[in-house]
Every structure is written in C-alpha cells, then in structure tokens.
Amino acid sequence: MLNPIDTDAVIRDGGAVGRFPGEIHEGVAWWLGASFVALTAAKQLVVGSDGGAVTAEFFHRLCRGAVNAHHHACRVTAIDGIAEDTFLAYVRGRLPLASAYLAATDGPDGTHVIRIRLYDADGLVLQEDTGLAAIRGMVAEDRVPIPVSDSARGTIEHLAPTTAETSA
C-alpha cells in the first residue's frame with residue numbers, strides 16, 4: 001500500500017470516516033470505489049457528494065475507482081453538489097441500485113472530517129457482515145483491484161443536482 005491508513009480506524013460506520021489531512025486521504029476513496037464494485041459486482045453505481053471543495057478530489061477518485069474495478073464495466077452516475085437526503089430519495093426511487101455519498105464537516109482542530117457512506121442495492125448502509133469487513137480486508141491486505149484495460153473500463157455520467165432533485 002503506497003499511502004497506508006489505519007484500516008480499522010478509518011473503514012467503519014458504513015464506509016470510511018476520518019480527519020483530513022491526517023487519518024484519511026483521497027486514495028481511500030479510490031480503494032473504496034474499486035473494492036465496493038468488485039465485491040458486489042455492481043454494474044451501476046450512483047455517487048453523490050456535498051459539492052464542497054474538500055470532497056471534490058475524494059468524489060472524483062471514488063468514481064474513477066468504481067469504473068476501474070476488474071471487468072465489471074460499472075456505469076457510474078455522478079451527482080456533485082446534492083444534499084444527502086435528496087440524493088437518498090433519488091436512489092431509493094431507483095432500487096435496486098448501489099450508491100455512495102461523500103460529505104465533509106469542519107473538525108475542531110482546523111482539519112475536516114470526511115465521511116464516505118456506502119449503500120447496498122437495497123439502499124441500506126453497508127454493515128460489517130454485508131461487505132464492510134471484506135472491503136476493509138481488501139484494503140488492509142493490499143488486494144484492491146488494479147486499473148483495468150480500456151475495453152473493460154466502465155463509464156462516468158455526470159448528472160446535475162437539479163436534474164436529480166426534480167426526478168427524486
């Protein structure tokens with residue numbers, strides 16, 4: 001692992017949570033996207049973000065990791081700048097559909113707390129026994145899927161938050 005993290009401390013609570021900079025870095029988002037798609041064999045994933053400057057690179061990396069997971073050719077719908085409740089309403093109207101949401105809050109020490117939450121195809125937050133422990137193991141053991149060839153790579157479609165809001 002090029003930039004190690006404390007997987008037990010960071011990969012928890014339905015995805016990943018940590019102070020940035022410090023406990024978590026942008027590569028974690030790539031690892032989660034790739035591992036989540038590889039583990040679930042998801043052909044489609046919706047990724048939402050609060051649209052903040054702090055989450056921008058995490059959002060980009062999670063989408064890139066998802067489209068590069070093995071041979072799954074996952075289609076990612078990326079919605080940057082959408083409120084979490086609106087995002088979840090959008091996803092729940094399209095179940096079964098796996099999803100991920102990223103957000104940041106200001107930490108007490110001038111850092112930011114990044115939260116990446118993963119949802120299974122039924123719209124439920126990933127739990128230890130429904131994939132989170134397996135993802136943590138993949139990251140800890142450096143078994144995150146490596147980038148794939150162009151022919152196996154998925155696609156990213158960007159959807160405006162206003163479009164998602166009106167169709168939620």
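Source: prediction; values computed, not measured.
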**Request:** Any chance you could measure Asp50, atom CG, to Thr55, atom OG1, to the nearest 0.5 Å?
**Result:** 4.0 Å

**Request:** Please examine the side chains of Val54 and Phe20, heavy atoms only from C-beta on, and report whether any two atoms are closer than 4.5 Å.
**Result:** yes

**Message:** Tell me which pairs pass side chain to side chain donor-acceptor pair (under 3.5 Å) where either residue lies in residues 95-107, with sequence neighbours left out.
**Reply:** Asp106-His112

**Prompt:** Does one hydrophobic cluster hold both Val91 and Ile79, with members joined at side-chain heavy-atom distances below 4.5 Å?
**Reply:** yes

**Item:** Gap separating the CD1 atom of Ile11 from the OG atom of Ser35, nearest 0.5 angstrom
**Value:** 7.5 Å

**Message:** How close do His72 and Ala42 get, counting heavy atoms only, and between which atoms?
**Reply:** CB-O, 4.1 Å

**Prompt:** So how far is it from His158 NE2 to Thr163 OG1, rounded to the nearest 0.5 Å?
**Reply:** 13.5 Å

**Item:** Hphob cluster co-occupancy, Ile116 + Val17, side-chain heavy atoms under 4.5 angstrom
**Value:** no

**Request:** State, with a plain yes or no, whether a side-chain heavy atom of Ile24 is found less than 4.5 Å away from one of Ile5.
**Result:** no

**Prompt:** Is any side-chain N of the basic residue among Glu128 and Arg136 closer than 4.0 Å to the acidic one's carboxylate O?
**Reply:** yes

**Prompt:** Taking atom CZ of Phe36 and atom CG of Leu45, what is their separation to the nearest 0.5 Å?
**Reply:** 6.0 Å

**Request:** Would you give the length of the straight line joining atom OG1 of Thr7 to atom CE of Met138, rounded to the nearest 0.5 angstrom?
**Result:** 13.0 Å

**Asked** What closest approach, in Å, do Ala38 and Pro145 show between heavy atoms, and which atom pair accounts for it?
**Response** CB-CG, 3.6 Å

**Item:** Interatomic distance, Leu132 atom CG to Leu32 atom CG [nearest 0.5 angstrom]
**Value:** 8.5 Å

**Asked** Does Asp122 offer a backbone N or O that forms a donor-acceptor pair with the side chain of Asp120 under 3.5 Å?
**Response** yes

**Prompt:** Does the pair Glu157 and Val76 meet the rule for a side chain to side chain contact (heavy atoms under 4.5 Å, CB included), with working shown?
**Reply:** CA-CA 6 Å; Glu157 172 195 0; Val76 171; over 6 Å; no

**Message:** With side chain to side chain contact (heavy atoms under 4.5 Å, CB included) as the criterion, how do Leu62 and Trp30 come out once you've worked through the C-alpha distance, each side chain's angles and the decisive distance to 0.1 Å?
**Reply:** CA-CA 4 Å; Leu62 194 142; Trp30 199 99; over 6 Å; no

**Message:** Measuring only between side-chain heavy atoms, which start at C-beta, is Leu126 closer than 4.5 Å to Tyr119?
**Reply:** no

**Request:** Show your working on side chain to side chain contact (heavy atoms under 4.5 Å, CB included) between Arg75 and Thr77 and close with a plain yes or no.
**Result:** CA-CA 7 Å; Arg75 291 184 334 260; Thr77 302; over 6 Å; no

**Check: Gly107 main-chain N/O paired with Thr111 side-chain donor or acceptor under 3.5 Å** = no

**Message:** Whether the side chain of Arg12 engages the backbone of Ala9 through a donor-acceptor N/O pair (distance < 3.5 Å, no angle test) should be reported.
**Reply:** yes

**Prompt:** What class does the angle between the rings of His25 and Trp31 fall in, given that below 30° is parallel, 30 to 60° is tilted and above 60° is perpendicular?
**Reply:** perpendicular

**Message:** Side-chain heavy atoms nearer than 4.5 Å, only ILVMFWY residues, links allowed to pass through others: does that put Ile156 and Val37 together?
**Reply:** yes

**Request:** With sequence neighbours excluded, give me every salt bridge (charged side-chain N to carboxylate O under 4.0 Å, His left out) pair touching residues 77-98.
**Result:** Glu84-Arg115

**Message:** Assigning hydrophobic clusters by single linkage (Ile, Leu, Val, Met, Phe, Trp, Tyr; side-chain heavy-atom cutoff under 4.5 Å), is Leu102 placed with Tyr90?
**Reply:** no

**Message:** Please determine whether residues Leu118 and Leu95 belong to a single hydrophobic cluster, defined as Ile, Leu, Val, Met, Phe, Trp and Tyr linked transitively by side-chain heavy-atom distances below 4.5 Å.
**Reply:** no

**Asked** Going through the distances and angles, do Gln44 and Leu97 end up as a side chain to side chain contact (heavy atoms under 4.5 Å, CB included)?
**Response** CA-CA 7 Å; Gln44 185 174 7; Leu97 181 61; 3.7 Å; yes

